[in-house]
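Heads up, the thing below is written out as structure tokens.
Every value quoted in this text rests on a predicted model; they were computed, and no experiment measured them. Only this structure's heavy atoms are used, side chains among them; waters, hydrogens and symmetry mates stay out.
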Amino acid sequence: MPQGGKSKICDKVTSLFLSFCTRDNMEDTMRKHIQSLSVFQWVLTFLLMGITFTILLIYMLFTSLWLIPVVYFTWLLLDWETPERGGRRVEWVRRWPIWVHFRDYFPVKLVSSAPLSPDRNYIVGCHPHGIMASSSFCNFATEAGGFSLLYPGVRPWLAILAGLFRMPLYRDYLMSAGMVPVSKDSLQYLLSRCGSGNAVFIVVGGAAESLQSIPGKHSVTLSGRKGFVRLALQNGADLLPVYSFGENELYEQVCLSPDSWGWRLQRLFQKHVGFAPCLFKGRAVFSESGWGLNPFPRPITTVVGRPIRVTHSPVPSEEEVDHYHALYMQGLKDLFDENKISCGLAESDTLEIL
């Protein structure tokens, strides 16, 4: 074959190869952008949806569209107790394809340590809180992590701040994903009047733990949190620890000194509102270097531990509560130690319980 013919063939092969590489790069870039947008819409929903619709409906009262908010607010009053009566979950919302893109952004992986019987009820402690409890939402308020495949016959309920269910329309969105208020009446209803096979997920550390969310730090706020143990005893529900390795790595938080006015303001919010405003830094939606509200795309592995069998004690004593609380803390420590190496931590890393 003439030298010129060989050169043309090589040029064509090179051209084809480059076109395939370019196409793969474009597809990869597009996939990452879709994943980033799926997370960004969730962040905006978390931060703004409730207050936005509250202001919008109040504004509409003073316009020609006043009938719409009047009808909605009337219905809202009639429906006021629904969140504390099991809510109104919609399975197709939990299975939206957007949640798969949300999962793959980090990515998030759900791991089971032992099967769960659908004949029992469970109170599940999720640790750590992180800034926005991203892994708890992904794994237990959606089906992106495959919860129903791992635990057939068990219904997950993610308990969150009760005040969010007072916000119009936002409350309906939350309920559709299987979220309920983290109030005694709400949890009692699920554990006593909804049969068996219910797993109520509580981010036990709450606002106090979110202030400890720092990359590289493994600490949970648990020592003084015993209400969920008492509730488990009152209803004969098994306790189940869950730890999400990587949750604290998603944002970089500015930690204020205890003698600063900002720190005092955070504590004031925590005491009276139920959450603590965190000063955090994420990444931009489409840029890896820019600042933004999106979490950093770092892997999360959520490990569900082994259930701790709890006896039914309608009026538990302090000794019973302390006993099962100690068993739970030990179970969480064991879960952390057994999985830390496989989840990318060092043998020397330890879990600090505050």
- Message: Is the distance between the ring centroids of Phe40 and Phe286 under 6.0 Å?
- Response: no
- Query: Got a sec, which pairs hit ring pair (Phe, Tyr, Trp, His ring centres under 6.0 Å) with one end in residues 333-354, sequence neighbours left out?
  - Reply: His218-Phe336, Tyr243-Phe336, Phe245-Phe336
- Contact list for residues 155-181, test ring pair (Phe, Tyr, Trp, His ring centres under 6.0 Å), sequence neighbours left out: none
- Message: Closer than 4.0 angstrom, basic N to acidic O: yes or no for Arg85 and Asp185?
- Response: no
- Message: As an exercise, state the distance from CD1 of Ile308 to CD1 of Ile123, rounded to the nearest 0.5 Å.
- Response: 12.0 Å
- Check which hydrophobic residues are tied to Ile34 through side-chain heavy-atom contacts below 4.5 Å, counting indirect links as well, and list them. Met30
Hey, could you give me each pair passing salt bridge (charged side-chain N to carboxylate O under 4.0 Å, His left out) that has a residue in [range]? Not counting sequence neighbours.
{"range": "residues 108-122", "result": "Arg120-Asp238"}
{"range": "residues 125-135", "result": "none"}
{"range": "residues 131-160", "result": "Arg94-Glu143"}

- Give the ring-plane orientation class for Tyr328 versus His127, where under 30° counts as parallel, over 60° as perpendicular and anything between as tilted. tilted
- Message: Holding to side chain to side chain donor-acceptor pair (under 3.5 Å), I want the full list of residues that pass it with Ser287, two or more places apart in sequence or in another chain.
- Response: Ser289
- Task: Name all residues meeting the side chain to side chain donor-acceptor pair (under 3.5 Å) criterion together with Lys217; count only those two or more places apart in sequence or in a different chain, and write none if there are none.
- Result: Gln212
- Residues Val124 and Ala199: closest non-hydrogen pair is CG2-CB, 4.2 Å
- Item | Minimum heavy-atom distance between Glu249 and Gly216, given as atom pair plus value | OE2-N, 2.8 Å
Anything under 3.5 Å between a donor and an acceptor, one on a side chain of residues 341-354, the other on a protein residue two or more places apart or in another chain? List them.
residue: Ser342; atom: OG; partner: Asn339; partner atom: O; Å: 2.9
residue: Asp349; atom: OD2; partner: Ala346; partner atom: N; Å: 2.8

Student check: side-chain heavy atoms of [X] and [Y] closer than 4.5 Å:
{"X": "Tyr151", "Y": "Val304", "value": "yes"}
{"X": "Arg306", "Y": "Asp334", "value": "no"}
{"X": "Phe137", "Y": "Thr142", "value": "yes"}

Using the salt bridge (Lys or Arg N to Asp or Glu O under 4.0 Å) criterion, which residues pair with [X]? Sequence neighbours excluded.
{"X": "Lys340", "value": "Asp337"}
{"X": "Lys226", "value": "Asp322"}
{"X": "Asp172", "value": "Arg88"}

